[in-house]
Amino acid sequence: MKIATWNINGVKARIDSLLAWLKESGPDIVCLQEIKSVDDGFPRLEIEALGYHVETHGQKGFNGVALLSKLRPDEVNRGLPGDDTDEQSRFIEGVFSVEGGVIRVCSLYLPNGNPVDSEKYPYKLAWMRRLEAYAKQRLLLEEPFILAGDYNVIPEEHDCWDIKVWQNDALFLPETRAAFRRLRNLGFTDAVRATSDTVPLYTFWDYQAGCWPKNFGIRIDHLMLSPEATDRLVSTSIDKHVRAWEKPSDHVPVIGTFAFAPA
DNA sequence: ATGGTAGTCACACTA
């Protein structure tokens with residue numbers, strides 16, 4: 001079973017690429033971020049025509065996440081718990097039946113947090129605290145559980161082309177990485193790192209300043225796995241070639257392959 | 001180069 005995450009940076013602008021990639025890659029579950037669409041505006045018919053169920057948690061203009069899946073989810077939950085006043089659509093959770101039980105998969109779009117001296121950075125850190133509290137509770141279920149998405153976190157220096165450029169950025173500040181480590185240390189495995197010794201590995205290349213042709217990238221899209229999901233992890237891959245397509249997203253798909261069979 | 005590019009939406013805002 002292939003489970004992928006991809007920040008597509010606007011589903012309306014990326015629908016042709018998304019359909020082409022679904023046909024090429026054939027993932028079973030896809031976690032999308034930055035759909036930048038309300039639920040009614042999401043191009044669900046074209047995606048359903050390829051055999052996917054579509055669940056969205058949209059927002060006008062910004063943010064927005066979605067779950068595409070060959071299996072129909074048994075349960076879907078929208079929004080990260082912990083702050084009823086948070087109106088940004090950054091989190092959706094689906095539960096799927098597989099042979100022998102369920103898997104729980106979340107698509108998350110963690111706040112960017114820049115500029116650091118604005119209210120955006122404390123919002124990011126508060127969001128990470130909420131994610132940690134939520135994840136801690138979910139781990140008690142002892143299920144295969146995958147937190148997939150755009151974390152806007154560069155975990156280590158070697159996940160970045162030039163740390164001097166990023167060291168004071170909200171994606172790399174010590175407090176940001178400490179929050180990421182706290183989450184991981186609850187018992188999660190960074191799937192890409194667990195299956196590859198290659199450094200560096202990138203999932204994002206900025207549109208600006210020729211970052212893509214110069215391979216000036218960062219690794220910020222992650223599949224974080226509970227112990228029960230890690231037990232079933234077979235391999236991971238980063239679909240880097242998609243960054244060279246016409247009108248690309250600045251992020252590429254990250255894919256985990258697992259030894260789960262559909263129910 | 002106190003720049004650069006892209007998406008959304010209709011003016012800046014976000015990244």
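In the text below, chain A, chain B and the rest are named by the order of the sequence lines, each starting its count at 1.
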task = Any chance you could pull the hydrophobic cluster mates of A:Leu45, using side-chain heavy atoms under 4.5 angstrom and chaining through other members?
result =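 None; A:Leu45 is a cluster of one.
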Kindly point out which of [options] is positioned nearest to the side chain of [X]?
| X | options | result |
| --- | --- | --- |
| A:Lys120 | B:dG7, B:dA15, B:dA10 | B:dA15 |
| A:Lys60 | B:dA10, B:dA15, B:dG7 | B:dA10 |
| A:Glu34 | B:dT8, B:dA6, B:dA15 | B:dA15 |
| A:Arg14 | B:dA10, B:dA6, B:dT8 | B:dA6 |

Please report, rounded to the nearest Å, how far the [atom2] atom of [N] is from the [atom1] atom of [X].
| X | N | atom1 | atom2 | result |
| --- | --- | --- | --- | --- |
| A:Leu171 | B:dT14 | CG | P | 16 Å |
| A:Lys36 | B:dA6 | NZ | C1' | 7 Å |
| A:Lys124 | B:dT14 | NZ | P | 15 Å |
| A:Phe62 | B:dA12 | CZ | C1' | 8 Å |

request  = Mind checking salt bridge (Lys or Arg N to Asp or Glu O under 4.0 Å) for A:Arg219 and listing every partner two or more places apart, or none if nothing turns up?
outcome  =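 Result, salt bridge (Lys or Arg N to Asp or Glu O under 4.0 Å) vs A:Arg219: A:Asp159, A:Asp190.
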request  = Only counting residues at least two apart or in another chain, list the ones meeting salt bridge (Lys or Arg N to Asp or Glu O under 4.0 Å) with A:Arg184.
outcome  =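 If we apply the salt bridge (Lys or Arg N to Asp or Glu O under 4.0 Å) test to A:Arg184, skipping adjacent residues, there are no hits.
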task = If a pair satisfies ring-ring contact (aromatic ring centres under 6.0 Å, His included) and one of its residues is in residues 238-263 of chain A, list it, with sequence neighbours excluded.
result =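 Checked against ring-ring contact (aromatic ring centres under 6.0 Å, His included) - neighbours excluded - the pairs reaching residues 238-263 of chain A are A:Phe204-A:His251, A:His241-A:Trp245, A:Phe258-A:Phe260.
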query = Using the C1' atom in both, what is the distance from B:dT14 to B:dG4, to the nearest Å?
reply =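 Comparing C1' positions in B:dT14 and B:dG4 gives a spacing of 16 Å.
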inquiry  = Would you measure the distance from the C1' atom in B:dT5 across to the matching atom in B:dA1 and give it in whole Å?
reply    =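 To the nearest whole Å, 14 Å.
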task = Mind checking ring pair (Phe, Tyr, Trp, His ring centres under 6.0 Å) for A:Tyr121 and listing every partner two or more places apart, or none if nothing turns up?
result =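 Counting only residues at least two positions away or on another chain, A:Tyr121 forms no ring pair (Phe, Tyr, Trp, His ring centres under 6.0 Å).
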query = Which parts of residues 200-209 of chain A get close to DNA chain B, meaning a heavy atom less than 4.0 angstrom away?
reply =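 A:Tyr207, A:Gln208, in order of number.
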query = Which part of the nucleic acid does A:Arg90 contact within heavy-atom distance under 4.0 Å: base, sugar-phosphate only, or nothing?
reply =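 It contacts sugar-phosphate atoms only.
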inquiry  = For A:Asp250, is there an ion pair with A:Arg243 - N to carboxylate O distance below 4.0 angstrom?
reply    =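 No, no charged N to carboxylate O under 4.0 Å.
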